[in-house]
Structures are given as C-alpha cells and as structure tokens.
Number of protein chains: 4
Amino acid sequence: MPRVSAEHLAVRRDHIVAAALRCFARDGFHATSVRDVVRESGLSAGAVYSYFRSKDDLVAAAVEPVVEGLLHAVDEAVLDRGASPGEVVGRLLERIYPLVVEGDVDYTRIAVTAWAEGLRDPAVRGIAQRTYGRVRERLSECVAHWRDAGHLPNDTDPEVLGQLLFSVVVGFVMQHALLGDVDPHRYAAAATLLLPPAHGGADR
Amino acid sequence: MPRVSAEHLAVRRDHIVAAALRCFARDGFHATSVRDVVRESGLSAGAVYSYFRSKDDLVAAAVEPVVEGLLHAVDEAVLDRGASPGEVVGRLLERIYPLVVEGDVDYTRIAVTAWAEGLRDPAVRGIAQRTYGRVRERLSECVAHWRDAGHLPNDTDPEVLGQLLFSVVVGFVMQHALLGDVDPHRYAAAATLLLPPAHGGADR
Amino acid sequence: MPRVSAEHLAVRRDHIVAAALRCFARDGFHATSVRDVVRESGLSAGAVYSYFRSKDDLVAAAVEPVVEGLLHAVDEAVLDRGASPGEVVGRLLERIYPLVVEGDVDYTRIAVTAWAEGLRDPAVRGIAQRTYGRVRERLSECVAHWRDAGHLPNDTDPEVLGQLLFSVVVGFVMQHALLGDVDPHRYAAAATLLLPPAHGGADR
Amino acid sequence: MPRVSAEHLAVRRDHIVAAALRCFARDGFHATSVRDVVRESGLSAGAVYSYFRSKDDLVAAAVEPVVEGLLHAVDEAVLDRGASPGEVVGRLLERIYPLVVEGDVDYTRIAVTAWAEGLRDPAVRGIAQRTYGRVRERLSECVAHWRDAGHLPNDTDPEVLGQLLFSVVVGFVMQHALLGDVDPHRYAAAATLLLPPAHGGADR
DNA sequence: TATGAATGAGGGTTCATTCAT
DNA sequence: GATGAATGAACCCTCATTCAT
C-alpha cells in the first residue's frame with residue numbers, strides 16, 4: 001500500500017495513537033504491552049514500529065495531545081482578566097472535563113499513569129514539568145492580577161497560590177481517575193468560590 | 001509451636017516491606033522487579049515469597065502503611081474542632097511532610113505510583129478508595145462544623161468542599177513527587193488561609 | 001520487447017551488487033539487512049527484490065564476482081609455465097591485492113564472511129567449492145610441472161601441495177581481514193621463495 | 001535446585017557451552033538463535049541466561065576453549081627447538097586435528113564463524129588478535145632459531161615467515177571446514193617439508 | 001527451613017518479504 | 001514498473017514464580 005498520501009500516514013498514526021490511548025487508559029503504560037496496542041489497532045507489530053520508534057515514543061505521542069489540551073484549556077480559561085482565580089479554575093475544569101471523558105478514553109487515567117511514568121522517564125517528566133509549569137504560571141499570573149485588583153493582601157504570594165490552585169485541578173483528575181466519585185460540575189462550582197472578591201473590594 | 005517467634009516474623013516482614021519501599025520509591029512498582037527487592041532486602045527469593053504470596057501482595061503491603069500514615073495524620077489534624085478547614089489541611093500537610101520525606105524513601109513518589117497502580121489493581125484501588133475516602137470524610141466533617149459555626153453559607157456542600165480540600169493534599173504530593181519545586185511550609189501556610197473565618201463571625 | 005534495455009537491467013543489477021558489497025564488507029552478511037542494502041543503493045525494496053529473489057540470492061550474487069576475480073588472477077599468474085609454484089603464488093597475491101582493497105570495499109572481508117556463510121548456505125558453499133577447487137587445481141598443475149621439471153622429488157603429491165599453496169592465499173586473506181597487519185608485498189615476496197628450484201637442478 | 005555445589009554450576013555451564021558449540025558448528029553464530037541453544041541444551045531460556053549474560057557472552061565462552069586449545073598445541077609443538085619450522089607446523093596440525101574434530105563438533109567450523117564474527121565484534125576480534133598473534137610469534141621465533149642454526153639466509157624475515165607458516169594452519173582450517181576434502185595427515189606431512197634443513201648443514 | 005537454580009511465558013523490537021497502489 | 005507500507009514470525013532477553021535440595 002505504498003505511495004500513499006501524507007494524509008493517509010497521519011490518519012494511520014492517529015489511529016495507532018487512539019488505540020494506544022484506549023489501552024493506556026485501561027491498563028496504564030507499563031501493563032500495556034506493545035502487543036496489546038497492536039491488537040487494539042488491528043495492525044501489525046511492524047506497522048506500529050514504522051510509525052513509532054519505540055514504546056516510549058508511543059507513550060510520548062499519546063501523552064502529547066493530552067497535555068496540549070490542558071494547555072489550550074488554561075489559555076482560554078485565563079482570557080477573562082476580570083475573573084477571580086477560583087472562577088478561572090472552575091472554568092478550566094468545565095473546559096477540560098468534556099475533553100477528558102469524551103469518547104472511549106478517560107484522560108484522567110492517562111494523566112495519572114503519566115505522572116507515575118514521569119517519576120522514572122525523564123522525557124515524560126520533562127513534558128510534565130514544562131506543561132504543568134506553564135499552567136501554574138498562568139494561574140499565578142491570575143492570582144497576581146487579582147491581588148493587584150485589591151482582592152488579596154499585598155503580601156500574597158502568587159507562586160504558592162498558583163501551586164494551590166493547580167492542586168485543585170490535579171486533585172480533581174486524581175479523584176476522578178482513582179476514586180471515581182467526583183461530580184465535575186459541583187466540584188467546579190465549589191472551585192469557583194475560591195479566593196472570592198474582597199467584599200467591599202476594588203472590583204466594584 | 002513455631003520455630004521463630006511471631007515477632008521475629010513481623011520484623012522480617014517489615015524488613016522486606018522497607019526494602020520494597022526503597023525500590024518502589026526509586027523506580028515505581030512496575031520497573032521494580034521482585035529480584036530487585038530480593039537484592040535490596042538481602043534475603044532470598046524464597047524468603048520473600050514466604051511472606052508475600054505475589055508481587056501484587058507486596059505492593060499492597062507497601063502501600064498500606066503509607067496511606068495509614070495519612071489517615072493517622074488527618075485524625076490528629078482534625079482533633080482541634082475549632083480550627084478552620086484550611087488550618088486543618090495546613091496542619092495535615094505539616095504533619096505528613098516529615099513522614100513523607102523522612103529517611104531514604106520519598107513517600108510522595110510511592111503515592112503517585114500507587115495511584116497509577118490503583119487504576120488496574122483492585123486491591124490497591126480498594127486501599128486507596130477506603131483510605132482516601134476516610135480522609136475526605138474527616139475533611140468534610142470539618143467543613144460541616146465550620147459551616148455550622150457560621151463561617152460558611154448554610155447551603156455549603158461539605159462533601160464537595162472535602163474533595164476540594166483533599167485535592168490540596170493530593171496536589172502537593174503530586175507536585176512534590178513530579179515537579180519537585182513545592183516548598184512544603186509556604187504551601188501549608190497558603191492552605192491555612194482557605195475558607196477563613198467569616199469576618200464579623202457568623203454567616204449573616 | 002522490454003521497456004528497458006537488457007543493458008540497463010545489468011547496470012541496475014551491478015549497482016545493487018556494488019551497494020550490497022559495501023554493506024557486506026562493512027558488517028558481514030548477517031548483520032546487513034536488506035533494508036541496509038536498499039538504503040545504500042538508493043532504490044526501493046521492491047526494486048531490489050525484482051533483481052534478486054531473496055537475500056541469499058543477493059549474497060550469492062555478491063560473492064560470485066569476488067571469487068571470479070580470484071579465478072581470473074590465478075589463470076594469469078599461472079601462465080608462465082617456467083615459474084616456480086612459489087612465484088606463481090607470489091604473483092597471484094600481488095595481482096589480487098589491488099583488486100582486493102581497491103575502492104571502498106575490502107574484499108578480504110567479503111571473503112571471510114563468505115566462508116562463514118558457506119558453512120550453511122549450500123549455494124555459497126557451491127560457489128566456494130567450485131572456484132577454490134579450480135584455484136587449487138591450477139596450483140596443483142603448477143606443482144606437477146615443477147616436479148616434472150626436476151625441482152621436486154618424483155613422489156611429490158601435487159594435490160596436497162596445491163592445498164598448501166592455496167593456504168598461503170587463504171591465510172593472507174584471513175590475516176588481512178581479521179588481524180590487519182600483513183604487508184602484502186613482503187608477504188608475497190616470502191611466498192615466492194617457497195619450493196625453490198633444485199640447486200644443481202634440471203632447469204638449467 | 002538451589003544450593004548446588006560450585007562443581008554442579010561448572011558442569012551446567014560446560015553443558016550449555018557444549019550445546020552452543022554443537023549449534024555454532026552446525027549453523028554459525030548468527031544463524032544460531034538462543035532458542036536453538038536452549039533447545040539443544042535441554043534447559044530453559046532463563047537457565048541459559050543465568051549462566052551467560054547475553055548471546056555474545058555465550059559466543060565468547062564458546063570461542064575461548066577453541067583458541068586456548070590452539071595456544072596450548074602451539075606451545076607443545078614448539079618445544080623441540082631442533083625441529084624445522086615446517087616440522088613444528090606439521091606437529092601443530094597433527095596435534096590440533098584430534099581436538100578439532102573430536103566428538104560431535106568440528107571446531108574448524110567454529111573457527112571460520114569466529115573469523116567472520118571478529119570482523120564486526122571487537123571482543124571476538126580481540127581474542128583472535130591476541131591468540132593468533134601469539135601463535136605467529138611462536139612460529140616466528142621458530143623461524144629465527146632455524147635461521148640462526150644456519151638453515152636459512154641471514155636476511156630471512158622471521159615475522160613474515162611466521163605469517164606464512166600460520167597461513168598453513170589457517171588454510172587447513174578453512175579448507176577443512178568449507179571444502180571438506182583435506183586429508184589432515186597428508187597435509188601435515190607436506191607442511192613438514194617446508195623450510196627444510198640446508199643440505200650441507202649451515203649456510204656456509 | 002531457607003535457598004536460589006530453574007522455568008517458560010511474555011517483554012520490546014527487527015526482519016525478509018509481499019503486494020496494493 | 002516501481003514503490004514502500006504492511007506483515008507476522010522470530011529475534012534476544014527478563015520476569016514472577018516454583019520447588020528440589
């Protein structure tokens with residue numbers, strides 16, 4: 001089937017990534033064998049290896065869209081500069097939730113496996129550090145604006161609060177994946193109430 | 001009548017678990033082979049298998065004390081009923097941090113691997129659900145008290161806020177293990193400020 | 001009526017063989033994959049397989065010109081019927097050396113790989129047996145002439161001496177390929193001294 | 001079957017090496033899979049890998065006794081200092097032949113595969129260079145003695161003649177392995193006649 | 001009893017070869 | 001006709017686990 005279009009190649013690649021994501025979400029990276037992905041994709045081992053140099057490559061390729069999705073979501077959530085940090089986090093959660101559970105793949109499970117993988121695999125850890133670092137930066141900036149708008153004390157530390165707000169997202173992902181009993185909308189609504197406007201505050 | 005005392009057996013078992021924890025914190029569950037644990041423990045494969053039926057058993061045994069430690073810490077942190085939920089979480093963080101990084105094992109790494117393992121191993125997931133469920137209950141109770149003390153609106157949902165407060169702990173663990181740049185004391189201090197007492201007192 | 005001329009086909013074929021020889025000399029037959037040859041030739045897998053039914057075929061095709069070169073060289077070296085067998089071998093060595101190391105391919109390396117391949121591949125073994133058998137025959141004939149000229153005892157066994165003289169060539173090839181420290185000209189000069197004319201001998 | 005004696009371990013190791021030698025002599029190193037050796041040994045893959053770290057290790061272990069045997073043989077053949085170099089080579093051939101074809105393994109086939117392997121594998125090449133280098137040294141020394149005894153011209157170059165005499169051995173091995181038609185005793189007898197004593201004695 | 005040699009299924013990966021395009 | 005994507009058997013090696021000693 002040679003001399004196929006570049007589009008066909010991209011489609012095939014995505015097909016394999018999708019199959020891998022199903023496997024990874026089901027069993028995690030380590031407990032998923034390349035054979036499993038091969039079976040799930042309906043292709044052959046050789047075909048998979050012609051698109052990805054190694055299992056690690058496949059893992060990285062599977063992780064990438066997930067983190068990209070998160071980055072994109074946070075960029076959008078942060079656009080409304082007047083919103084409180086809690087509102088931003090709430091919006092972020094609402095925004096990622098459909099992405100996260102859409103279709104047959106629960107991306108929160110992918111994320112949790114990726115965290116564990118990041119403990120050992122420097123490449124995965126690098127992706128995580130870069131991406132999550134950027135998400136926290138956005139949230140910190142948000143906190144800084146909120147402080148500058150007079151809703152937070154002047155000595156507020158945006159960096160730590162960014163970490164704390166990021167934890168709200170991380171905790172949602174972990175609880176959704178592992179405990180499975182978090183209602184996304186109630187959770188997001190609660191997050192929205194964090195760091196509310198100062199009562200007599202500046203935002204009026 | 002056993003040749004060796006029950007105490008001796010328990011010591012041996014703990015010795016193996018300790019060796020396993022060192023390996024697991026270093027490499028994660030999957031990348032740690034039973035052989036690694038055998039080597040680390042200085043015992044023989046047969047010895048390890050006489051204390052644990054399988055690797056999964058060993059994993060579960062290693063996970064248990066970690067989550068038990070958390071449970072214990074939350075029980076203590078929650079004792080002061082007058083404290084705000086944020087203060088409870090802050091105290092919880094301060095309390096678990098020494099446990100968490102004490103000695104040669106970083107328990108936040110164990111926790112992250114355990115989460116991933118819980119995605120597929122029902123035993124590990126069971127432990128996680130039970131323990132983390134109880135931690136969240138304590139936090140929810142704390143929220144309920146705080147609400148009943150007039151610091152939160154009457155329609156406050158303690159369950160969701162418990163999940164959110166739990167996220168603050170989860171997020172700390174994950175960021176410490178994977179990103180490695182969270183200052184535990186600043187983070188705990190920031191957490192303390194969550195859900196502050198209502199200014200004039202009750203929710204009027 | 002073919003689309004491309006037979007000559008064009010032959011050129012293509014030689015092009016592939018040349019590429020294969022470069023790979024084989026570098027890595028040996030087994031460690032060279034068909035893919036390597038495809039890459040080296042700049043053609044496609046299909047193209048290579050349209051000229052050679054299998055990798056074994058390609059190996060045989062690559063071996064053939066090498067041994068043919070040897071056969072040709074011995075035919076020339078043997079022309080001077082008055083020369084001693086040692087002189088013939090010396091001339092043979094001088095003659096094959098430029099062929100052997102000329103260009104980018106060290107044919108002694110090909111030869112050594114081919115010997116090993118001949119242990120299991122009947123086609124290669126056949127080529128080796130036929131060609132080397134003929135080389136030995138020539139050398140044996142040479143010995144017989146030398147004996148008949150009175151330089152060797154009448155009970156001299158030309159066959160065994162042919163094997164022995166052939167060994168001088170084989171040993172040169174092996175030492176050049178594997179040990180890499182034989183000076184071809186000194187070696188050839190030494191070979192020339194083998195089986196010298198009888199002192200008061202018949203050839204005067 | 002643990003806690004076995006060191007002797008048992010050595011026996012097992014030798015058993016595996018013997019099985020490997022049978023496979024290697026039959027098919028060469030590359031065409032022999034570890035599976036083949038496992039099958040031939042009657043053990044399991046894991047067992048083989050508990051004695052040898054890798055296939056390369058097994059190859060090295062199989063090559064070692066062969067080259068050791070050659071070294072030992074040359075040391076013995078060289079003992080009689082009054083013998084001509086040809087006699088030494090003849091004796092060397094007679095001495096290695098039984099070793100070489102004894103039992104079910106034709107070691108000349110192992111040697112030829114090892115040569116080919118040495119082209120790529122530096123470890124094997126190292127063994128070859130060291131061993132064959134020493135064999136050639138012995139033969140060169142022999143030539144030097146012979147020259148000093150007056151049987152060769154004073155300007156004789158022992159090094160090159162050592163290479164040439166070594167070729168007689170190499171050529172025998174190659175012809176025996178690949179062409180299979182060399183009579184060892186006739187060949188050795190012919191080798192004995194090389195570099196005969198000067199007729200009237202010394203070179204006066 | 002405690003040992004650690006042995007097992008063999010399964011791990012990730014590469015290969016010669018084919019055939020739809 | 002030439003291409004190169006696809007195949008799937010086989011590659012080397014590691015693993016959790018067992019059981020003869």
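Just so you know, these numbers come straight off a predicted model, no measurement behind them.
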K.L.:
What I'd like to find out is whether the side chain of R125(D) reaches to under 4.5 Å of the side chain of L178(C), using heavy atoms alone.
P.N.:
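Of all side-chain heavy-atom pairs linking L178(C) with R125(D), at least one is under 4.5 Å.
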K.L.:
In whole Å, I'd like the distance from the NE2 atom of H8(B) to the P atom of dT1(E).
P.N.:
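Atom-to-atom, H8(B) to dT1(E), this comes out as 13 Å.
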K.L.:
Indicate the atoms forming the closest heavy-atom contact of V37(A) with T32(A), along with that distance.
P.N.:
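Closest heavy-atom pair between V37(A) and T32(A): CG2-CG2, 3.7 Å.
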K.L.:
Identify the residue among V59(A), T113(A), V63(A), V105(A) that makes a side-chain contact (heavy atoms from CB on, under 4.5 Å) with F24(A).
P.N.:
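With F24(A) as partner, side-chain contact (heavy atoms from CB on, under 4.5 Å) holds for just one option, V59(A).
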K.L.:
Can you name the closest pair of heavy atoms from D36(D) and C23(D) and give their distance?
P.N.:
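Of all heavy-atom pairs spanning D36(D) and C23(D), the closest is O-SG, 3.8 Å.
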K.L.:
To the nearest 0.5 Å, how far apart are CG in L21(C) and CD1 in I110(C)?
P.N.:
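The CG atom of L21(C) sits 4.5 Å away from the CD1 atom of I110(C).
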K.L.:
Please list residues of residues 112-128 of chain C whose heavy atoms come under 4.0 Å from any atom in DNA chain F, ordered by number; otherwise none.
P.N.:
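Under 4.0 Å from DNA chain F: no residue of residues 112-128 of chain C.
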K.L.:
Starting from the 5' end of DNA chain E, give me the residue, R12(B) or V48(D), whose nearest nucleotide shows up first.
P.N.:
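So the residue in question is R12(B).
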K.L.:
On a heavy-atom basis, which atom in F52(C) and which in A61(C) lie closest, and how many Å separate them?
P.N.:
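Result for this residue pair: CE2-CB, 3.4 Å.
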K.L.:
Do R120(D) and D27(C) have side chains that get closer than 4.5 Å, going by heavy atoms?
P.N.:
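Heavy-atom side-chain distance check passes, below 4.5 Å.
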K.L.:
Which heavy atom in H15(D) sits nearest to a heavy atom in L43(D), and how many Å separate them?
P.N.:
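In terms of heavy atoms, the two residues are closest at CD2-CD1, 4.3 Å.
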K.L.:
Contact list please: residues 37-47 of chain B against DNA chain E, heavy atoms, distance less than 4.0 Å, in numerical order.
P.N.:
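Heavy-atom cutoff 4.0 Å gives S44(B), A45(B), G46(B), A47(B).
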K.L.:
Quick one: closest heavy-atom pair of T131(C) and I127(C), and the distance?
P.N.:
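So the two residues come closest at OG1-O, 2.7 Å.
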K.L.:
By a strict heavy-atom criterion of less than 4.0 Å, which residues belonging to residues 49-60 of chain D are in contact with DNA chain F?
P.N.:
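Result for residues 49-60 of chain D: Y49(D), S54(D), K55(D), sorted by number.
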K.L.:
How long is the gap from CZ on R130(C) to CD on E64(C), to the nearest 0.5 Å?
P.N.:
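CD of E64(C) is found 7.5 Å from CZ of R130(C).
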K.L.:
Hey, what do you get for CG (L9(A)) to CZ (R12(A)), rounding to the nearest 0.5 Å?
P.N.:
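So the CG of L9(A) and the CZ of R12(A) are separated by 9.0 Å.
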K.L.:
Mind listing the residues from residues 26-36 of chain A sitting with a heavy atom below 4.0 Å of DNA chain E? Number order is fine.
P.N.:
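Within this stretch, T32(A), S33(A), V34(A), R35(A) sit under 4.0 Å of the strand.
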K.L.:
Give me the atom names and distance for the closest heavy-atom approach of R109(A) to L119(B).
P.N.:
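Heavy-atom minimum between the residues: NH2-O, 2.9 Å.
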K.L.:
Is it the case that over 12 heavy atoms from other parts of the model lie below 6.0 angstrom from the CZ atom of R35(B)?
P.N.:
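Open: at most 12 neighbouring heavy atoms sit under 6.0 Å from CZ of R35(B).
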K.L.:
In the structure I gave you, are the side-chain heavy atoms of V38(C) and V34(C) within less than 4.5 Å of one another anywhere?
P.N.:
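The answer is yes, as the side chains (C-beta and beyond) meet within the 4.5 Å cut-off.
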K.L.:
Which pairs count as side-chain hydrogen bond (donor to acceptor under 3.5 Å, both in side chains) when at least one residue sits in residues 40-58 of chain D, sequence neighbours excluded?
P.N.:
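Every pair satisfying side-chain hydrogen bond (donor to acceptor under 3.5 Å, both in side chains) with a residue in residues 40-58 of chain D: R22(D)-E40(D), R26(D)-E40(D).
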K.L.:
How does DNA chain F read in dot-bracket, base by base from 5' to 3', with Watson-Crick or G-U pairs under 3.5 Å and | used when the partner is on another strand?
P.N.:
.||||||||||||||||||||
